Structure formats: structure tokens, C-alpha cells
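Down below is the structure, laid out as C-alpha cells.
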Amino acid sequence: MTPSPVLEERTRVAIIGAGPSGMLLAHLLAQRGVESVVLESRSEEYVASRIRAGILEQSTVDLLREAGLAGRLDREAQEHRGIYLQWPEERHHLDFVALTGRTVHVYGQTEVQKDLVAARTAAGQRVHYEIGDTALHDLESDHPSVTFTDRAGRARRVAAEVVVGCDGSFGPSRAAVPEAARRTWEKTYPYSWLGILADVAPSTDELIYAWHPDGFAMHSMRSSTVSRLYLQVPNGTDVDDWSDDRIWEALATRLGHGQDGWQLTPGPVTEKSVLPMRSFVQTPMRHGRLFLAGDAGHIVPPTGAKGLNLAVADVGLLAPALAAWLVDGDRRPAEAYAETALRRVWRCTHFSWWMTSMLHTSGDPFDAQLQLSQLRWVASSEAGATGLAENYAGLPIGF
Ligand code: FAD
Ligand code: DHB
């Protein structure tokens with residue numbers, strides 16, 4: 001039997017990954033008259049229901065507004081003017097508006113993803129979901145392509161002018177850069193987060209980041225009726241060792257239930273998972289006609305709430321750069337992309353490492369004193385507080 005022919009498709013930009021970076025890039029390119037095809041190994045429902053980030057920095061919200069994607073965000077998201085930093089017997093509010101004039105919004109990645117999918121579906125975006133065997137080809141030539149097996153088991157090829165790897169930390173794009181042409185920087189942390197989603201009104205108006213001798217804890221939220229909370233746990237923790245009662249007890253202790261009359265209200269846990277923590281950067285973020293964006297190029301530990309925001313900043317830079325090249329014939333912004341994007345990547349990598357190192361306990365009493373000293377300085381000095389606020393609420397895109 002002769003093998004069935006490979007189904008050929010043409011586009012200007014082949015985007016691998018339909019997460020937030022891939023779908024937002026497709027949207028921003030379309031607005032500039034550049035058509036694309038998005039290739040995704042999972043189903044549309046799976047990608048939209050992954051519980052991940054929850055905080056959008058100012059420049060992310062600005063970009064989503066400019067892109068016409070913020071209708072529901074503007075109706076439903078909560079705008080926060082700061083965060084609480086705490087340690088035993090102390091809780092301090094950092095007011096980002098007073099310090100930097102910027103705010104953050106609480107709006108889940110699930111919601112950002114739904115809004116992106118709705119906008120791209122309405123515009124007739126070509127997306128292949130549930131594909132397999134994704135492989136990148138001829139990236140150093142001017143006719144790169146991506147091959148894959150579609151949902152029905154047929155072999156396909158998308159020929160493009162540019163390929164963008166938006167395929168997260170486990171996708172094939174990063175490794176498609178030859179070993180001799182890439183460099184990686186990596187740090188793993190000796191702790192993980194146990195995260196829960198609970199059907200209970202948040203016990204706080206703004207997020208609480210808590211240092212405690214038992215380990216870090218955080219109180220976040222998704223809406224006025226859904227809370228999101230995290231606990232520092234050792235690497236290798238089995239989620240089944242943590243009953244709901246044990247989780248709420250640890251949260252109450254670390255978040256200071258009873259301190260100055262503050263109460264943590266527990267509720268039904270609807271999701272529970274353990275997240276390892278890692279810093280990772282691969283350079284350069286461009287090889288030939290392959291560009292990397294979002295988690296495909298870099299991973300940060302979640303403490304600074306930067307992962308999703310960094311993915312948005314990458315594509316906010318890449319979309320106009322590719323349009324300048326493919327529409328106007330000006331290659332310079334695309335050639336500058338890797339270097340420009342990496343400035344922000346390293347800033348966020350440092351900030352995420354710094355927040356993580358300041359708030360997670362290691363068991364070393366000397367380190368604990370340094371952490372407490374740092375926290376007191378951040379909470380009481382305008383210079384210290386402004387540094388945290390400026391990084392957390394986010395620097396302007398292009399910084
Ligand atoms: P992703 O969202 O990972 O999207 C990549 C897409 O590529 C996926 O849909 C994947 O299925 C697809 N893909 C992979 N391989 C292939 C292939 N071979 N072919 C085709 N498609 C492929 N950030 C925060 O700021 N705060 C948080 O609280 C937070 N929590 C997180 C919790 C978890 C468990 C994880 C994993 C991440 C979390 N992050 C958080 C990080 C944030 O979610 C990511 O930075 C963000 O999703 C990056 O978007 P992305 O589009 O670059 O990558
Ligand atoms: C959330 C996650 C973070 O990593 C963070 O720093 C703040 C909030 C969240 O999931 O809500």
C-alpha cells in the first residue's frame with residue numbers, strides 16, 4: 001500500500017502552542033494583517049481549563065485593552081492597588097498606586113485563555129488541536145515548516161515564512177535550536193507549592209504573601225466567591241498526604257489566623273496540586289527563522305506572579321517585529337527581538353528569584369534572620385517598597 005500523501009498547508013507564521021502566548025500572538029499578528037496557523041497537542045477544553053496564573057500586571061492589562069481583548073476583564077476582574085507582606089505578628093500593606101501609580105488585576109489564566117479563544121474563533125483563526133509528532137524543519141533556511149499528525153491520524157505539513165515556538169516548557173521548539181547554538185541557565189529550588197482552589201469568599205481584600213517558620217503561605221483569589229491558596233511544601237510531596245483539614249490548618253497557622261482578630265475562613269476544596277519551582281532561561285530566543293516566546297524560552301518560579309505576564313510581554317514585542325518584517329520588509333525589529341525580550345526576561349527572572357528567596361524558609365536560622373531583615377526593610381522603607389512595587393506591578397513593555 002502506498003502511504004497517503006502529506007497534506008500541505010501554507011501560512012505566513014506557524015505558531016506551535018495554543019496557550020496564552022500562542023493565541024495572543026495569532027491575535028496581534030492578525031490585527032497587523034499577518035495570517036498564521038496555530039498547532040496544539042492538547043484539546044481546546046484542556047488548554048482552557050488548566051488552573052495556572054491569576055495576576056495580571058498593568059502592562060498586560062494595557063496590552064489586552066489595546067488589542068480589544070479586555071471587555072470581560074474590565075467587567076469581571078478585580079483591580080488591586082497592592083499586596084500584604086507578612087511574618088509572625090506583623091502584616092504590612094504595600095500600596096503600589098501610591099508607590100508607582102500602577103495596579104494589578106486578579107483575572108485567572110483560564111479566563112484570559114477563554115477570551116483569546118473566543119476572539120480567534122470569531123475571526124476564523126486556523127488552529128489544529130490534538131495533534132501529535134510535532135517536528136520543526138529547515139529553520140535556518142527561508143522556507144521553514146512544521147510537520148505533525150492531525151487528530152484524524154493524517155500526516156500534515158505547514159509551510160511558513162517564520163515559526164514561533166509558544167509551546168511551553170515541554171514543547172519541541174526549544175530543543176530544535178542546535179545544541180551548539182544555544183545556552184541554558186537553570187536553577188531548581190529545594191521546595192514546591194501545594195496549591196488549592198476553594199469555593200469560599202476570600203478572607204482578604206488583597207493578596208497576602210506570608211513568611212512563617214513552617215514555610216511560605218499565600219492567600220490569593222479568583223473572584224469574590226473563589227479563593228486560591230498556596231503552601232510551601234518539600235519537593236516530592238504527595239498531594240494525597242495533605243487532607244483538606246491539614247491544608248486549612250497549615251494555612252491558618254502560616255497566614256496568622258487570630259492575629260489582630262483576622263480570621264481565615266475555610267471552604268470546600270475543588271482543586272489541589274503540587275507545583276515544582278524552577279528558574280530557566282534559554283538563549284538566544286531566536287535561531288534562524290525560529291523565535292521562542294513565553295515558557296518555551298524561560299520559566300520563573302511563581303512567587304512573583306510573572307510567568308504569564310512575561311509570556312504576554314514577549315508576544316507584545318514579537319508581533320509588531322514580525323509585522324515590520326513580513327508586511328513592511330524591515331527586519332531590524334525582528335533581529336532585535338531576542339536581545340530586547342531578554343532584558344525583561346532577566347529582570348523578571350531576578351525578581352521571581354528574589355521574592356522566592358525572601359519568602360521561603362530553608363531551615364537555616366541565619367538565612368531566616370536575613371529574610372526577616374529584608375522583609376522589614378521592604379515594608380518600612382519607601383525605597384524598598386517601591387522596588388518591589390515597580391517589579392510586581394510590572395515595568396512598561398519594551399523595558
Ligand atoms: P503554556 O501555557 O505552557 O502553553 C504552551 C502550549 O503548547 C500548551 O497548550 C501545550 O499543550 C502546547 N504544546 C506543548 N508541546 C506541544 C507540541 N509538541 N505540539 C504542539 N503544542 C504543544 N504563572 C504565574 O504568573 N502565576 C502562577 O500562579 C502560575 N502558576 C502556574 C502553575 C503551573 C502548574 C504551571 C505549569 C505554570 C504556572 N504559571 C504561573 C506559569 C504560567 O502559567 C505560564 O508562564 C504561562 O502559561 C505561559 O504561557 P505559554 O503560552 O508560554 O505556555
Ligand atoms: C497567584 C499565583 C502567584 O504565583 C502569585 O504570585 C500570586 C497569585 C495566583 O494563582 O492567584
Side-chain angles (χ1 to χ4, degrees), residues 14-26 38-57 60 78 80 83 104-110 112-113 116-117 127-136 146-150 158 164-176 192-193 195-197 202 206-209 216 218-223 226-230 271 273-278 280 292-315 345 348 351-352 355-356 359 392 394:
I15 300 173
I16 308 177
S21 57
M23 289 305 261
L24 180 58
L25 179 64
V38 182
L39 306 171
E40 167 61 52
S41 54
R42 303 290 197 152
S43 68
E44 182 180 324
E45 299 69 36
Y46 181 90
V47 178
S49 60
R50 280 187 301 217
I51 310 292
R52 289 184 167 182
I55 301 293
L56 305 185
E57 61 185 51
T60 298
Q78 293 177 30
H80 284 190
I83 57 165
V104 293
H105 282 70
V106 173
Y107 194 64
Q109 183 166 330
T110 46
V112 174
Q113 185 72 28
L116 283 166
V117 170
V127 185
H128 293 272
Y129 284 103
E130 297 174 69
I131 67 163
D133 310 317
T134 314
L136 295 77
V146 183
T147 53
F148 60 98
T149 309
D150 73 13
V158 174
V164 184
C166 293
D167 46 355
S169 41
F170 302 109
S173 298
R174 183 194 276 175
S192 302
W193 277 11
I196 62 162
L197 206 58
E206 297 192 339
L207 272 60
I208 306 170
Y209 286 77
F216 171 72
M218 180 168 64
H219 191 330
S220 181
M221 60 198 73
R222 285 292 177 273
S223 68
V226 176
S227 295
R228 177 84 166 140
L229 300 108
Y230 297 99
E271 201 262 352
S273 53
V274 173
L275 330 171
M277 298 173 97
R278 187 156 82 104
F280 174 92
L292 299 177
D295 278 17
H298 39 75
I299 314 282
V300 289
T303 324
K306 284 289 160 237
L308 173 60
N309 292 296
L310 208 43
V312 169
D314 282 352
V315 297
V345 167
C348 293
F351 177 66
S352 304
M355 286 286 279
T356 302
L359 287 160
Y392 191 103

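Keep in mind that what you see is a predicted model, and the values were worked out from it rather than measured. When a ligand or atom number is given, it counts from 1 through the structure's own listing order.
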Could you tell me whether the side chain of Tyr46 reaches within less than 4.5 Å of the side chain of Tyr129, counting heavy atoms only?
no

Looking only at heavy atoms, the pair that brings Pro276 and Ser192 closest together is CA-OG, 3.8 Å

If only atom types and distance count, is the side chain of Arg174 paired as donor or acceptor with the main-chain N or O of Ser169 below 3.5 Å?
yes

Look only at the side chain of Gln109 and the backbone of Ala53, and say whether a donor-acceptor pair between them is shorter than 3.5 Å.
yes

Could you state the interatomic distance from CG (Leu207) to CG (Leu229), rounded to the nearest 0.5 Å?
9.5 Å

Run Ile83 and Glu206 through side-chain contact (heavy atoms from CB on, under 4.5 Å) and show every step you take.
CA-CA 6 Å; Ile83 57 165; Glu206 297 192 339; 5.8 Å; no

Going by heavy-atom distance to atom 50 (P) of ligand 1, choose the closest among Ala48, Gly168, Ser21.
Ser21

Any nitrogen or oxygen of Arg42, main chain or side chain, under 3.5 Å from a nitrogen or oxygen of ligand 1?
no

Give me the residue, atom name and distance of the protein heavy atom closest to atom 47 (O) of ligand 1.
Gln109 NE2, 2.8 Å

Look at atom 34 (C) of ligand 1 and say which protein heavy atom is nearest, naming residue and atom and giving the distance to 0.1 Å.
Leu275 CD2, 3.5 Å

May I ask you to list the atoms of ligand 1 that are less than 4.0 angstrom from any heavy atom of Lys306?
25 (O)

Rounded to the nearest 0.5 Å, the CG atom of Leu56 sits from the CG atom of Leu308 at a distance of 6.0 Å

Relative to each other, are the rings of Tyr209 and Tyr392 parallel, tilted or perpendicular (30° and 60° limits)?
perpendicular

Applying a 4.0 Å heavy-atom criterion (strictly less than), which segment of Asp295 is in contact with ligand 1: side chain, backbone, both, or neither?
both

In terms of residue, atom name and distance, what is the protein heavy atom nearest to atom 17 (C) of ligand 1?
Thr134 OG1, 3.6 Å

Between Gln113 and Ala18, is there a donor-acceptor pair closer than 3.5 Å when you use the side chain of the first and the backbone of the second?
yes

Could you give the N/O to N/O pairs under 3.5 Å linking ligand 2 and the protein, each with its distance?
unit_1: ligand 2; atom_1: 4 (O); unit_2: Pro302; atom_2: O; d: 2.4
unit_1: ligand 2; atom_1: 6 (O); unit_2: Tyr209; atom_2: OH; d: 2.6
unit_1: ligand 2; atom_1: 6 (O); unit_2: Pro302; atom_2: O; d: 3.2
unit_1: ligand 2; atom_1: 6 (O); unit_2: Thr303; atom_2: O; d: 3.0
unit_1: ligand 2; atom_1: 6 (O); unit_2: Ala305; atom_2: N; d: 3.4
unit_1: ligand 2; atom_1: 10 (O); unit_2: Arg222; atom_2: NH2; d: 2.8
unit_1: ligand 2; atom_1: 10 (O); unit_2: Tyr230; atom_2: OH; d: 2.5
unit_1: ligand 2; atom_1: 11 (O); unit_2: Ser220; atom_2: OG; d: 2.6
unit_1: ligand 2; atom_1: 11 (O); unit_2: Arg222; atom_2: NH1; d: 2.7

Candidate pair Leu359 and Met218, rule side-chain contact (heavy atoms from CB on, under 4.5 Å), full reasoning:
CA-CA 10 Å; Leu359 287 160; Met218 180 168 64; over 6 Å; no

Considering only heavy atoms, which of Gly108, Ser41, Ala305 lies nearest to atom 21 (N) of ligand 1?
Ser41

Of all the non-hydrogen atoms in the protein, which one sits nearest to atom 11 (O) of ligand 1, and at what distance?
Glu40 OE2, 2.6 Å

Quick check on contacts: which atoms of ligand 1 are under 4.0 angstrom from a heavy atom of Gly171?
15 (N)

Ligand 1-proximal atoms of Tyr129, by part, heavy-atom distance under 4.0 Å:
neither

Numbered in order shown, the ligand 1 atoms found under 4.0 Å of a heavy atom of Gly294 are 52 (O)

Residue Ile16 vicinity, atoms of ligand 1 by number, heavy atom under 4.0 Å:
19 (N), 20 (C)

Which residue owns the protein heavy atom closest to atom 35 (C) of ligand 1, what's the atom, and how far is it?
Arg52 NE, 3.5 Å

So which heavy atom on Cys348 is nearest to which on Lys306, and how close?
SG-CD, 3.6 Å

Can you tell me the protein heavy atom closest to atom 14 (C) of ligand 1 and the distance?
Asp167 O, 3.3 Å

Contact atoms of ligand 1, heavy-atom distance to Val47 under 4.0 Å
9 (O)

Going by heavy atoms in the side chains, are Glu44 and Val127 under 4.5 Å from each other?
no

Would you say Gly307 has any N or O atom under 3.5 Å from an N or O of ligand 1, going by distance alone?
yes

Can you pull out the closest protein heavy atom to atom 24 (C) of ligand 1? Residue, atom name and distance to 0.1 Å, please.
Ala53 CB, 3.2 Å

May I ask you to identify, for Cys166, whether its side chain, its backbone, both or neither come under 4.0 Å of ligand 1 on a heavy-atom basis?
backbone

Go through ligand 1 atom by atom and flag the ones less than 4.0 Å from a non-hydrogen atom of Tyr230.
28 (O)

Let me see the working for Val38 and Leu25 under side-chain contact (heavy atoms from CB on, under 4.5 Å), right down to the final yes or no.
CA-CA 10 Å; Val38 182; Leu25 179 64; over 6 Å; no

Heavy-atom nearest pair, Met221 first then Val106, reads O-CG1, 3.2 Å

Could you list which atoms of ligand 1 come closer than 4.0 Å to a heavy atom of Pro172?
17 (C), 18 (N)

Between Gly19 and Val47, which heavy-atom pair has the shortest distance, and what is it?
CA-CG1, 4.1 Å

Leu39, portion touching ligand 1 at heavy-atom distance under 4.0 Å
backbone

Please check this pair: side chain of Asp167 against backbone of Ser173, looking for a donor-acceptor N/O pair closer than 3.5 Å.
yes

Which heavy atom of the protein is the closest neighbour of atom 49 (O) of ligand 1, given with residue, atom name and distance?
Pro20 CG, 3.6 Å

If I compare all heavy atoms of Thr134 with all of Phe148, which pair ends up nearest, and what's the gap?
CA-CB, 4.2 Å

If the contact criterion is a heavy-atom separation under 4.0 Å, does Arg50 count as touching ligand 1?
yes

For Glu57 against Gly394, the heavy-atom pair lying closest together:
OE2-CA, 3.4 Å

